[in-house]
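Chain naming here is simple, since letters A, B, ... match the order of the sequence lines and numbering starts at 1 in each.
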There are 2 protein chains.
Amino acid sequence: MRSYGQLCALAKALDLVGDRWTLLIVRELLIRETCRYTDLRSGLPGIATNLLAERLDELVEAGLVSREAAPPPIATTVYRLTDRGRQLEPVVEALGRWGAPLLATATGKEAFLSHWLALPARLYVRDTTPKAPSVRVELRPGGEPITLETVGDGSVRTRIGATGHADATLEGPPQVVLHLLTRKVTLSAARKRGVRLHGDPKVLRRFGPKPAAQAPA
Amino acid sequence: MRSYGQLCALAKALDLVGDRWTLLIVRELLIRETCRYTDLRSGLPGIATNLLAERLDELVEAGLVSREAAPPPIATTVYRLTDRGRQLEPVVEALGRWGAPLLATATGKEAFLSHWLALPARLYVRDTTPKAPSVRVELRPGGEPITLETVGDGSVRTRIGATGHADATLEGPPQVVLHLLTRKVTLSAARKRGVRLHGDPKVLRRFGPKPAAQAPA
DNA sequence: CGGCATCCTCTTTGATACTG
DNA sequence: CAGTATCAAAGAGGATGCCG
């Protein structure tokens, strides 16, 4: 933890979360709420185990992550964001919005884990008709499915894993699935790019882009 | 430029701007619009000159910064953010908002340069009565003064350097000056913490906190 | 197996000196 | 002024070992 030693809010923030891997660890914790060490390691392909341990120590030390002994059925330690740590969500959201266009230049050699989809789905997708009955969509980007559920206030909830009764399921490349949910592409265009929809196509009307935050008028 | 190799917008963003010093270079360019190499180096106390050169190369390569030959009077190269680079402003703003509370724990040994104040002044301060005649306040945190000017649409503009006729000047510790402008402290409390006001105290009514961006309703 | 600690190699950083 | 060159120190990445 080297410090920039500058009296500047940005520099101070980077002193804590600017190290390599740190914000990606925060990403995993934002997705999963509680993580075991192994969940984190498998969610962060490429991280060295000693680095993960070191970063976790620093995050706990900085008060952004808590380390708790899990109740008996699990009998292991779980990691969780503190309130202060969860306040990094707008930072992760802003960086993700900025980085989204870069996904178009993917080489195809990148690692991909399906649960990563849960974060952009929560942050960038909204329910266009919150008063209508709740719907569930299962996303199957390959690997473990992600369940998307409208929650009644215009936002959507995401869960890792399949759901009992999905109103629709979407299979295909993750970026295209996201573009479909945020209406950046039409259904037919998405189909041409490898997306397959099962179930009622009308549920797609329920979803739209959640715009970037704006300064209040 | 080591890549995380993950198909994730956050990871892709960090591939480009996650290296040490990179976002602080962006900060300098957000503050100054155009910078010479020396402006950057002096605005980034602690950076090694080879690292600055290397980061600038990477930023130019990534299309976030442009390197231009300045017109004759200057006869040097100047650096400027591209549009894509300027789009990092929300990222810097989010990180700065998150990091602001950390300034309270400053040890007093940090470097401080007065022009750094120009960025939070622009990002976190608004004009509460934009229709009233424009006002100018000069901030003197020690070092070069910063001019704050209401611009008519509720936002404020900042300039490095003194102004001809200021409606008021504020001297004192930078954090306290910012807290005063965003109404986190009263004038009398600010005075106790070292702030001195010259000119018309009423102009302070013109300024208030610019709230964090919110999702539109 | 989960949760690290150690050891080793390689890369990046930081400090300083030097050049067109 | 705007960098490049050099070199020691710190950090990252990978493999493996240890302990409940």
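- Spacing between atom CH2 of B:Trp21 and atom C1' of C:dG14 amounts to 10 Å, rounded to whole angstrom units.
- Looking at the side chain of A:Glu54, the nearest of the listed nucleotides C:dG14, C:dG3, D:dA12 is D:dA12.
- Five base pairs at each end of the helix from C:dC1-D:dG20 to C:dG20-D:dC1 define two local axes, and these are offset by 30° (rounded to 10°).
- Distances from the side chain of A:Arg20 to the nucleotides C:dA15, C:dG3, D:dA12 place D:dA12 closest.
- For A:Arg41, no side-chain nitrogen or oxygen approaches OP1 or OP2 of C:dC4 to under 4.0 Å.
- Residue pairs satisfying the salt bridge (Lys or Arg N to Asp or Glu O under 4.0 Å) criterion with at least one member in residues 36-48 of chain B, sequence neighbours excluded, are listed as follows: B:Arg36-B:Asp39.
- Distance CZ (A:Arg36) to C1' (C:dG3): 12 Å, rounded to an integer number of Å.
- Salt-bridge check for B:Arg136 with B:Asp167: failed, with every basic side-chain N at 4.0 Å or more from each acidic carboxylate O.
- At the phosphate of C:dG3, neither OP1 nor OP2 sits under 4.0 Å from any side-chain N or O atom of A:Arg67.
- For the pair A:Leu51 CG and C:dT12 C1', the interatomic distance rounds to 13 Å; values are reported in whole Å.
- For B:Leu52 and C:dG14, the CG to P distance is 12 Å, given to the nearest whole Å.
- One N or O on the side chain of B:Ser3 and one on the backbone of B:Gly5 form a donor-acceptor pair closer than 3.5 Å.
- Between A:Tyr79 and A:Tyr4, the one whose closest nucleotide on DNA chain C sits nearer the 5' end is A:Tyr79.
- Among residue pairs with one or both ends in residues 39-64 of chain A, none qualify as ring pair (Phe, Tyr, Trp, His ring centres under 6.0 Å); sequence neighbours excluded.
- Under a 4.0 Å N-O distance rule, the pair B:Glu89/B:Arg122 qualifies as a salt bridge.
- Closest to the A:Thr77 side chain, of the nucleotides D:dA12, C:dG3, D:dA10, is C:dG3.
- Annotation: ring pair (Phe, Tyr, Trp, His ring centres under 6.0 Å) contacts involving residues 70-99 of chain B, sequence neighbours excluded, are absent.
- For B:Glu110, the side-chain contact (heavy atoms from CB on, under 4.5 Å) partners at least two apart in sequence or on another chain are A:Leu7, A:Lys12, B:Ala106, B:Thr107.
- Contact annotation for A:Thr38: backbone-only contact, meaning every heavy-atom pair under 4.0 Å involves sugar-phosphate atoms and none involves a base.
- In this view, B:Arg140 and B:Glu138 satisfy the side chain to side chain donor-acceptor pair (under 3.5 Å) rule, not counting sequence neighbours.
- Among pairs with a residue in residues 144-173 of chain B, none fulfils ring pair (Phe, Tyr, Trp, His ring centres under 6.0 Å), at least two apart in sequence or across chains.
- Going from atom CG of B:Asp19 over to atom P of D:dG11 covers 15 Å, rounded to whole Å.
- Rounded to an integer number of Å, the gap from CG of A:Leu59 to P of C:dC4 is 13 Å.
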Taking only N/O atoms, report every protein-nucleotides 6-8 of chain D pair under 3.5 Å with atom names and distance.
from, atom 1, to, atom 2, distance (Å)
D:dT6, O4, B:Asn50, ND2, 3.3

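- A straight line from CG of B:Leu24 to C1' of C:dT13 spans 15 Å, rounded to a whole angstrom.
- Comparing A:Arg55 and A:Thr49 by the nucleotide of DNA chain D that holds the closest heavy atom to each, the one mapping nearer the 5' end is A:Arg55.
- The ring-ring contact (aromatic ring centres under 6.0 Å, His included) search around A:Tyr4 returns B:Trp21, not counting sequence neighbours.
- Taking atom CD1 of residue A:Ile47 and atom C1' of nucleotide D:dG11, one finds them 13 Å apart after rounding to whole Å.
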